[in-house]
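Reading through the structure tokens given below for one structure.
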Amino acid sequence: MNKKIVLITIVVIITIFVVISSFEPSEKNDNVIFHVTLADPDLYSNGIYINEFSINEGEYSFRFVPNGSSPEILSITLNGENFDFSEDFKLKSTSHQTGTSEYFTWKYEGQKIIWVNEMQKISIIINPNGNVIGSVSVDILENKEGVHP
């Protein structure tokens, strides 16, 4: 009987903690200045995605959410009045063995940190190099002091 009371108390405490945590604002998304999930060929025009956004002076980084069907090479170009950046990000898969099964994780490799010298409007061009079916999310994050994703 005492074990049941202790177990119920632990479950209630964990539930309260999870509920309270879900109501706290997440700082993780506060630094996202650009986001797109490319999962539909209609998002592309002539095989590329183009958009514009404003950016302040500072350090920024790319974050990707790829999967096995994501483009093998994701070419990203950023152009502003006083800023140019271009990188061909390459998809790398890593196999993980668990004794009874195998699974894969994916990540894009390339220069993910950029520095913008002044506030300006930026044009972003994302070229999946022909793979408009494979899905991928692309974020540009502002790196706050000492914080890197």
Completion exercise
Grouping ILVMFWY residues whenever side-chain heavy atoms fall under 4.5 Å, the cluster of Val65 otherwise contains none

Completion exercise
All heavy atoms of His35 vs all of Val32, minimum pair found to be CB-CG1, 4.1 Å

Exercise for the section: Mark yes or no for whether Ser101, through its side chain, and Thr98, through its backbone, hold a donor-acceptor pair below 3.5 Å. Expected result: no

Exercise for the section: Taking Asn127 for its side chain and Asn129 for its backbone only, find out whether a donor-acceptor pair lies under 3.5 Å. Expected result: yes

Practice task
Taking all heavy atoms of Leu43 and all of Ala39, pick out the closest pair and write down the distance.
Solution key: CD1-N, 3.9 Å

Problem - ILVMFWY cluster, Ile122 and Met119 together (side-chain gap under 4.5 Å) - result: no

Practice task
Go through the steps to decide whether Ile33 and Leu141 satisfy the test side chain to side chain contact (heavy atoms under 4.5 Å, CB included), and finish with yes or no.
Solution key: CA-CA 6 Å; Ile33 62 147; Leu141 310 169; over 6 Å; no

Problem - Polar contact flag, side-chain donor to acceptor under 3.5 angstrom, Thr94-His96 - result: no

Exercise for the section: Would you please say whether a donor-acceptor pair under 3.5 Å links the side chains of Glu57 and Asn117? Expected result: no

Exercise for the section: With rounding to the nearest 0.5 Å, note down the distance linking CH2 in Trp106 to OG in Ser69. Expected result: 8.5 Å

Practice task
Evaluate the ring pair (Phe, Tyr, Trp, His ring centres under 6.0 Å) criterion for residues Phe62 and Phe34: first the C-alpha distance (whole Å), next the side-chain angles of each, then the deciding distance (0.1 Å), finally the verdict.
Solution key: CA-CA 9 Å; Phe62 288 96; Phe34 174 83; 9.0 Å; no

Problem - Asn31-Glu142 side chain donor-acceptor pair, cut-off 3.5 Å - result: no

Problem - Side chain to side chain, Ser93 and Thr105, heavy atoms closer than 4.5 Å - result: no

Exercise for the section: Answer yes if the side chains of Ser123 and Asn79 hold a donor-acceptor pair under 3.5 Å, and no otherwise. Expected result: no

Problem - Any side-chain heavy-atom pair of Phe83 and Leu78 under 4.5 Å - result: yes

Problem - Worked check of side chain to side chain contact (heavy atoms under 4.5 Å, CB included) between Phe85 and Gln111 - result: CA-CA 10 Å; Phe85 170 85; Gln111 180 184 341; 3.8 Å; yes

Problem - Cluster link Ile73 to Tyr49, ILVMFWY, side chain under 4.5 Å - result: no

Practice task
Quick one: list whatever passes salt bridge (Lys or Arg N to Asp or Glu O under 4.0 Å) with Lys121, sequence neighbours left out.
Solution key: Glu52

Exercise for the section: Begin with the C-alpha distance, continue with both residues' side-chain angles, and end with the deciding distance and a verdict on side chain to side chain contact (heavy atoms under 4.5 Å, CB included) for Ile76 and Ile124. Expected result: CA-CA 7 Å; Ile76 298 180; Ile124 183 167; 4.2 Å; yes

Practice task
Could you pull out the closest heavy-atom pair between Asn82 and Gln120, with the gap in Å?
Solution key: N-OE1, 2.9 Å

Problem - Within one Ile-Leu-Val-Met-Phe-Trp-Tyr cluster: Ile50 and Phe53, side-chain cutoff 4.5 Å - result: no

Exercise for the section: State the CG-OG distance between Leu38 and Ser135, to the nearest 0.5 angstrom. Expected result: 9.0 Å

Handout entry: Cluster link Leu91 to Phe104, ILVMFWY, side chain under 4.5 Å
Key = yes

Handout entry: Of all pairs that satisfy salt bridge (Lys or Arg N to Asp or Glu O under 4.0 Å), the ones with a partner from residues 80-105, not counting sequence neighbours
Key = Lys92-Glu109

Problem - Closest approach of Val136 to Pro66 (non-hydrogen atoms, all atoms of both residues) - result: CG2-CA, 4.2 Å

Problem - pair Ile126-Ile48: side-chain heavy atoms closer than 4.5 Å - result: no

Exercise for the section: Test side chain to side chain contact (heavy atoms under 4.5 Å, CB included) on Asn131 and Glu72 and set out the steps. Expected result: CA-CA 8 Å; Asn131 185 355; Glu72 288 182 36; 6.0 Å; no

Exercise for the section: Give a yes or no on whether Tyr44 and Phe89 share a hydrophobic cluster (residues Ile, Leu, Val, Met, Phe, Trp, Tyr; joining criterion: side-chain heavy atoms under 4.5 Å apart). Expected result: yes

